[in-house]
Each structure stands twice: as C-alpha cells, then as structure tokens.
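Note sheet for the following structure.
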Amino acid sequence: MAMRYYGWKSFDEDEDRPDKPRRFGVTEMRGPNYNLLSQNFLQDIFESMGQFVDGLKFSGGSHSLMNKSFIKEVIDMAHRHDVYVSTGDWAEHMIRKGPSAFKEYVEECKNMGFDTIELNVGSLGVPEETLLRYVRLIKSGGLKAKPQFSVKFNESDIPAGGDRAFGAYVAPTPRTNELVEDVDLLIRRAERCLEAGADVIMIDADDVCKHAESMRSDIIAKVIGRLGLERTMFEASNARTSEWFIRRYGPKVNLFVDHSQVMDLECFRGRNLALACMHCQIVANFEEFCFD
C-alpha cells in the first residue's frame, strides 16, 4: 500500500485525506479575532504547517475593522500557500443597509480576494427563502457559500404544525428570547441550503461540541448521517474536542480550529494516534517550561 510522509508523520493514503485542495479532512484555521495575528506570524504558520492548513477565516467580522491593504496582503499570502480565505459572521450587519447591501458586500469580498462567505444563520434572523437567496447570490458572484447553523432556534422560527390552504394568511409570530433545540429543523434548512448551492455547512460549537466532556454525540451523528462528512464542518473549541472527532469519525472529518491547535489536530489525524498524542504533549510541556 502506498505511503506518504510529512516529516515525522506518516500514514496510509486511504487512512488520511488527499493533498490540497481537499473536499474532506479539511482544517480551517481561525484568523484575527481573539488574537491579533501579524503577517509574519501567519507567514510562519503557513511556511511550517501550510500543507496541513486548508482555510483561514477572519472570525467575527474582524476584516471590517482592518485596513483593506492589510487584508489583501494576508489573502494573497494565504493563496500562495494554497489556503482559501473565508469571511466570518459579518454579513448579518450588511442587510441593515438596505436590500442591495448584501449584493454589494458579495462584490466587495470578491474584489478583496475572499474565496468563501460565511452566513451565520442565527445572527442573520432572516426567513428561510431569504437565506436561500443569499446563498444563490454568493454562488452567482463566483464565491463559495458556507452557512453556519446552531442547534437552537428562536422559538418564533419553529414552524407551526397543521396544514393550511395555499395562499392562506398566516399571522406573523412575535420574536421571543426563548431558544428551542431542533436538530431536525437544522438539518432540513441545511439540506435546502446545499440544494441552493452551498458548499459546506458549518455547525456552531455552542450546545453541540463546546466541551469534550459534554459532546452531543446524538446531534453530531444525526447531522453527519443526513448531510455527510464532506458537506459538514464542526467547530472544535479545543484539542480534546478535536481528538473526540478524530477518534469517532476518523481523519476525514472537517474541523474549524484556533491557529494554536493546527499541530495538535494534525497529530490526531495521523495514523498512530498514541504516538501523535505523546508528541503533542511533549511539545506542550516544552513550551510551558520555556514560557512559564
């Protein structure tokens, strides 16, 4: 069986994922948000671990606060290392400027060099048909669409039961502060987004995989079972969460992690998990000793 080698790490071809660009086994890295990352720092990451990083996301709309020339330089640097660049959850702020604002946002993102636009469905708070229209606008603009879903919805967004005649008036439901867990609604809306052209569905960590000791394996299994590994990406809050996903679903699962977790995640994706974990622990202990 063919083998590939990345320095100290080796694995069988059918046990890991293919070379970039990958459709599965994707590692998307969090960019500026919690930490202000300089170009030199990102360059170091790309040069040392670029073969393991598939995507870079400007989280939390951080790109809206930065100089456009800086953003363009970071995007160009990422592209030189075959790393796609995604927006964070900033699109929801655009719709307040009017009906044409979102289309202008898509055009600006394309001009800046972004590859993917993320849509935080919970923050957008728009009707389902409007969400699908946004997905189509992104795709028609030549970019990839990545809707992000949470397992909890505003109670007013839960469809009411009972059949109604087509065209019958339905009184609008007042917005509430009550959140209701509904994984079936998440999957149904995610499936419609995929049918509209979305490339991947991001699953928010809150209430699903925020902490390794409280993983909602029932929700994760249902989402993957219905949508598939290739079309889903999960936010992994820490190394223990990443390890849980790799142990449960193998190296082909798509994960979104902090930049500090890239090496740990690649260790977990490796063939010999026990040795990989030991290696990561040695590195962590050494760093703690050096910077304590």
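Note that the structure is predicted; figures quoted are calculated from it, not measured. Counting begins at 1 with the first residue of the sequence. Values below: every heavy atom of this structure, side chains too, minus hydrogens, waters and symmetry copies.
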Which atoms form the tightest heavy-atom contact between [X] and [Y], and what is the distance?
{"X": "Pro251", "Y": "Ile246", "answer": "CA-CD1, 4.2 Å"}
{"X": "Leu227", "Y": "Ala190", "answer": "CD1-CB, 3.8 Å"}
{"X": "Arg23", "Y": "Val26", "answer": "C-CG2, 4.2 Å"}
{"X": "Ile220", "Y": "Cys209", "answer": "CD1-CB, 4.3 Å"}
{"X": "Leu255", "Y": "Ala236", "answer": "CD2-CB, 4.5 Å"}
{"X": "Cys193", "Y": "Leu131", "answer": "SG-CD2, 3.7 Å"}

> Mind checking what makes ring pair (Phe, Tyr, Trp, His ring centres under 6.0 Å) contact with Tyr249, not counting sequence neighbours?
Replying inline: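 Partners of Tyr249 by the ring pair (Phe, Tyr, Trp, His ring centres under 6.0 Å) criterion come out as none, since no residue qualifies.
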>> Using the ring pair (Phe, Tyr, Trp, His ring centres under 6.0 Å) criterion, which residues pair with Phe256? Sequence neighbours excluded.
In response: none
> What's the verdict on salt bridge (charged side-chain N to carboxylate O under 4.0 Å, His left out) for Glu108 and Lys103, showing C-alpha distance, side-chain angles and the deciding distance?
Replying inline: CA-CA 9 Å; Glu108 183 177 7; Lys103 185 176 182 180; over 6 Å; no
> With a 4.0 Å cut-off, would you call Glu243 and Arg247 a salt bridge?
Replying inline: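 A salt bridge links Glu243 with Arg247.
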> If you measure from the Lys or Arg side-chain nitrogens to the Asp or Glu carboxylate oxygens, is any gap between Glu28 and Lys146 under 4.0 Å?
Replying inline: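 Salt bridge flag = yes for Lys146 with Glu28.
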Under the side chain to side chain contact (heavy atoms under 4.5 Å, CB included) test, which residues partner [X], sequence neighbours left out?
{"X": "Asp82", "answer": "Lys20"}
{"X": "Arg188", "answer": "Glu128, Pro159, Leu185, Arg192"}
{"X": "Ser48", "answer": "none"}
{"X": "Val106", "answer": "Phe102, Ile117, Ile138, Leu143"}

>> Strictly by ring-ring contact (aromatic ring centres under 6.0 Å, His included), give each pair with a member in residues 205-231 just once, sequence neighbours left out.
In response: none
>> Once ring-ring contact (aromatic ring centres under 6.0 Å, His included) is applied, what residue pairs with a partner in residues 212-239 remain, sequence neighbours excluded?
In response: Phe234-Phe245
>> For Thr87 and Lys57: C-alpha separation, side-chain torsions, deciding distance, then whether side chain to side chain donor-acceptor pair (under 3.5 Å) applies.
In response: CA-CA 6 Å; Thr87 68; Lys57 182 170 89 169; over 6 Å; no
>> Could you walk me through whether Leu42 and Met29 satisfy the side-chain contact (heavy atoms from CB on, under 4.5 Å) test, starting with their C-alpha distance in whole Å, then the side-chain angles of each, then the deciding distance to 0.1 Å, before giving a yes or no?
In response: CA-CA 11 Å; Leu42 289 171; Met29 183 183 81; 3.9 Å; yes
[Y] backbone acceptor or donor facing [X] side chain under 3.5 Å:
{"X": "Thr232", "Y": "Gly228", "result": "yes"}
{"X": "Ser123", "Y": "Asn120", "result": "no"}
{"X": "Lys110", "Y": "Gly141", "result": "yes"}

>> Using side-chain contact (heavy atoms from CB on, under 4.5 Å), reason through Asn254 and Asp54 one step at a time and then give a plain yes or no.
In response: CA-CA 10 Å; Asn254 303 321; Asp54 297 89; over 6 Å; no
>> Quick test of your reading: applying salt bridge (charged side-chain N to carboxylate O under 4.0 Å, His left out), list the pairs with at least one residue in residues 208-219, sequence neighbours left out, ordered by first then second residue.
In response: Glu181-Arg216, Asp206-Lys210, Glu213-Arg240, Arg216-Asp218
>> Applying a strict under-4.5 Å side-chain criterion to I, L, V, M, F, W and Y, I'd like to know whether Val262 and Val85 cluster together.
In response: yes
> Going hydrophobic residue to hydrophobic residue with side-chain gaps under 4.5 angstrom, can you get from Ile71 over to Phe46?
Replying inline: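 Ile71 and Phe46: one cluster.
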> Are Tyr84 and Phe114 close enough that their ring centres sit under 6.0 Å apart?
Replying inline: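 Ring centres of Phe114 and Tyr84 not closer than 6.0 Å.
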Which residues satisfy the side chain to side chain donor-acceptor pair (under 3.5 Å) test with [X], sequence neighbours excluded?
{"X": "Lys152", "result": "none"}
{"X": "Asp184", "result": "Lys222"}
{"X": "Ser242", "result": "none"}

>> Go through it in stages, so that I can follow the logic: the residues are His259 and Arg30, the test is side-chain contact (heavy atoms from CB on, under 4.5 Å), and I'd like the CA-CA distance, side-chain angles, deciding distance and then a yes or no.
In response: CA-CA 6 Å; His259 69 276; Arg30 179 185 288 112; 5.9 Å; no
>> Measuring only between side-chain heavy atoms, which start at C-beta, is Val74 closer than 4.5 Å to Leu56?
In response: yes
>> What I'd like to find out is whether the side chain of Asp199 reaches to under 4.5 Å of the side chain of Thr116, using heavy atoms alone.
In response: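 No, their side chains stay 4.5 Å or more apart.
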>> Could you go through Thr27 and Arg269, starting from their C-alpha distance and side-chain angles, then the distance that decides it, and tell me whether this counts as side chain to side chain donor-acceptor pair (under 3.5 Å)?
In response: CA-CA 10 Å; Thr27 296; Arg269 288 195 197 273; 3.0 Å; yes
